[in-house]
Amino acid sequence: IQWKSVAPVGISKNRALPLKHLGRSDFFYRIGFNQKQVESFLDVPESQMWGLLEKAFSIVDGRWSNPISRFWHMLSSDVLGLLTLPLFVADAPLRESGIVHNATRIRDRWISAQNSTEIKERAELLADMFYDSRHSYELVRLVRAALDQQPVAYTVSGYSPVFGRIWERGNSELHFDDIATRAQREIDFDRVGARTSNEGADSQVQGLVAQVYGPTRVALSFALAQEPKAIFLELYERGFWDWLPFQSTKKANVLVYNNGWFKAGSNLMILDALELETPWREISSKIQPDTAYRLRLATNLTGLSWGPAVDATFETP
């Protein structure tokens, strides 16, 4: 597996270097697998393929493994594809549109290569499986998931006017949860559902329930394994479009640092539109009568790593 990029590059989050343009930069890496490892990838049981594809595409555990859930996800992504057809014509489709069809095509090619008995034909079918420029990143993640903790040989080279030329080769161990995956998880900390790693397991929010006590007053109850440093809240207004894989009706969000508000164990938070002294007033002030809402909550234990977000829905009278 190899990857190459030749493009102007900028750094925005690396504290080791100032925020600046790196000029024209060239990066290349290659990971080598032996025949036994390739055969191990090809011989993954069909029963495990959807689970590995969920990991590769960062899909909530079980969403594709369950045929009914997979069908509804396919339907919603198809609707999104129709809504964004101009982007497809411009060769810039959204990643989410048609994602289940693309994953199904990858799985079908994977099974075809698995069922072949000729080595040359298997190699050709495997090459056909990986000939997918739109989801090349997910295909690399698929291999990493299937061959997690396998020893591999690697080669890395690169050039930039800032740090000059680098070249390195050697042996390492393949890990699905690599630095890029962890960084993306920090960027997508408000994504609902299971993560691809156990990191942040203690940040799980358990039993989130919204109980309505009036037209503008709601009580949130939830349990935490540990006392958090902060929580993140988002409020959406629900409508007929709520089943689509995106939401365009966000009402508010707020980051609340824990100054004694939250603890390990059971917690209760009152959202009242008339109460303007709470640190979550940006959320509570948006609650209106006769409206359906979806509220999202995530916690942070370390100041850096967020646990998965969870949802609760409610409707005011």
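FYI, the numbering just counts along the sequence from 1. This one's a predicted model, so the numbers in the text were calculated from it and none came from an experiment.
- Relative orientation of the Trp50 and Trp64 rings is perpendicular, given thresholds of 30° and 60° on the angle between their planes.
- Between Arg105 and Asn102 there is a side-chain heavy-atom pair separated by less than 4.5 Å.
- To the nearest 0.5 Å, atom CG of residue Leu235 and atom CH2 of residue Trp280 are 14.5 Å apart.
- Between the side chains of Tyr213 and Gln211, no donor N or O sits under 3.5 Å from an acceptor N or O.
- Minimum interatomic distance between Ala309 and Arg296 (heavy atoms only, all atoms of both residues): CB-CG, 3.6 Å.
- In this structure, Leu125 and Ser112 approach most closely via the heavy-atom pair CD1-O, 3.4 Å.
- Within the 3.5 Å criterion, the main-chain N or O of Lys36 finds no donor-acceptor partner in the side chain of Ser40.
- Residues Lys229 and Tyr257 form no side-chain contact, since every pair of their non-hydrogen atoms from C-beta on lies 4.5 Å or further apart.
- The nearest pair of heavy atoms linking Val254 to Pro279 is CG2-O, 3.6 Å.
- Neither Val212 nor Ile270 shares a network with the other; the hydrophobic side chains, linked directly or stepwise wherever heavy atoms of I, L, V, M, F, W or Y lie under 4.5 Å apart, form separate groups for each.
- At least one donor-acceptor pair closer than 3.5 Å links the side chain of Glu275 to the backbone N or O of Glu277.
- Side chain of Glu46 to main chain of Ile111: no donor-acceptor pair is present (N/O by atom type, distance under 3.5 Å, no hydrogens or angles).
- Note that OG1 of Thr299 is 10.0 Å distant from CG of Asn267, once rounded to the nearest 0.5 Å.
- Among all heavy-atom pairs drawn from Ala145 and Lys55, the shortest one is CB-CD, 4.2 Å.
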Go through the steps for Phe262 and Met269 under the test side-chain contact (heavy atoms from CB on, under 4.5 Å), then give the verdict. CA-CA 9 Å; Phe262 315 106; Met269 181 188 304; 3.3 Å; yes
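- Ring orientation note: the planes of Phe41 and Phe130 are tilted relative to one another, at an angle of 30° to 60°.
- The closest donor-acceptor contact from the side chain of Lys263 to the backbone of Ser266 lies under 3.5 Å.
- One N or O on the side chain of Arg281 and one on the backbone of Thr278 form a donor-acceptor pair closer than 3.5 Å.
- Counting heavy atoms from C-beta on, the side chains of Ser157 and Arg169 never come closer than 4.5 Å.
- Interatomic distance, OG of Ser65 versus CD1 of Ile59, reported as 11.0 Å (0.5 Å rounding).
- Heavy atoms of other residues, nucleotides or ligands lying less than 6.0 angstrom from CG of Leu268 number more than 12.
- Between the side chain of Thr316 and the backbone N or O of Thr291 there is at least one donor-acceptor pair closer than 3.5 Å.
- Ser284 places no side-chain N or O within donor-acceptor distance of the main-chain N or O of Leu271, the cut-off being under 3.5 Å.
- Side chains of Arg294 and Asp311 form a contact here, defined as non-hydrogen atoms less than 4.5 Å apart.
- Remark: Asp290 pairs with no residue by the salt bridge (charged side-chain N to carboxylate O under 4.0 Å, His left out) rule, at least two apart or across chains.
- Once rounded to the nearest 0.5 Å, the distance linking CG of Leu42 with CD of Glu39 reads 7.5 Å.
- Remark: the backbone N or O of Asp128 is paired with a side-chain donor or acceptor of Arg109 at under 3.5 angstrom.
- Using a 4.5 Å cut-off on side-chain heavy atoms (C-beta onward), Val100 and Arg70 make contact.
- Screening Ile283, Val310, Thr313 for a side-chain contact (heavy atoms from CB on, under 4.5 Å) involving Leu295 leaves a single residue, Ile283.
- For the pair Gln150 (side chain) and Leu147 (backbone), a donor-acceptor distance under 3.5 Å is absent.
- Distance check, rounded to the nearest 0.5 Å: CD1 of Ile231 to CG of Leu220 gives 8.5 Å.
- Between Asn253 and Glu234, the shortest heavy-atom distance links the atoms CB-CG, 3.5 Å.
- Residue-environment remark: NZ (Lys286) exceeds the threshold of 12 foreign heavy atoms within 6.0 Å.
- Using a 4.0 Å cut-off between charged side-chain N and carboxylate O, Arg122 and Asp43 make a salt bridge.
- If you take CD on Gln114 and CE on Met129, they are separated by 10.0 Å, rounding to the nearest 0.5 Å.
- Put simply, the side chain of Gln37 gets close to the backbone of Pro151: a donor and an acceptor are under 3.5 Å apart.
- Classification of Glu237 and Lys251 as a salt-bridged pair holds, one side-chain N sitting under 4.0 Å from a carboxylate O.
- Side-chain contact between Phe222 and Val209 is absent, with no heavy-atom pair separated by less than 4.5 Å.
- When side chains are defined from C-beta on, Pro228 does not count as touching Asn300, because their heavy atoms never get closer than 4.5 Å.
- Across all their heavy atoms, Ala264 and Ala225 have their closest contact at CB-O, 3.8 Å.
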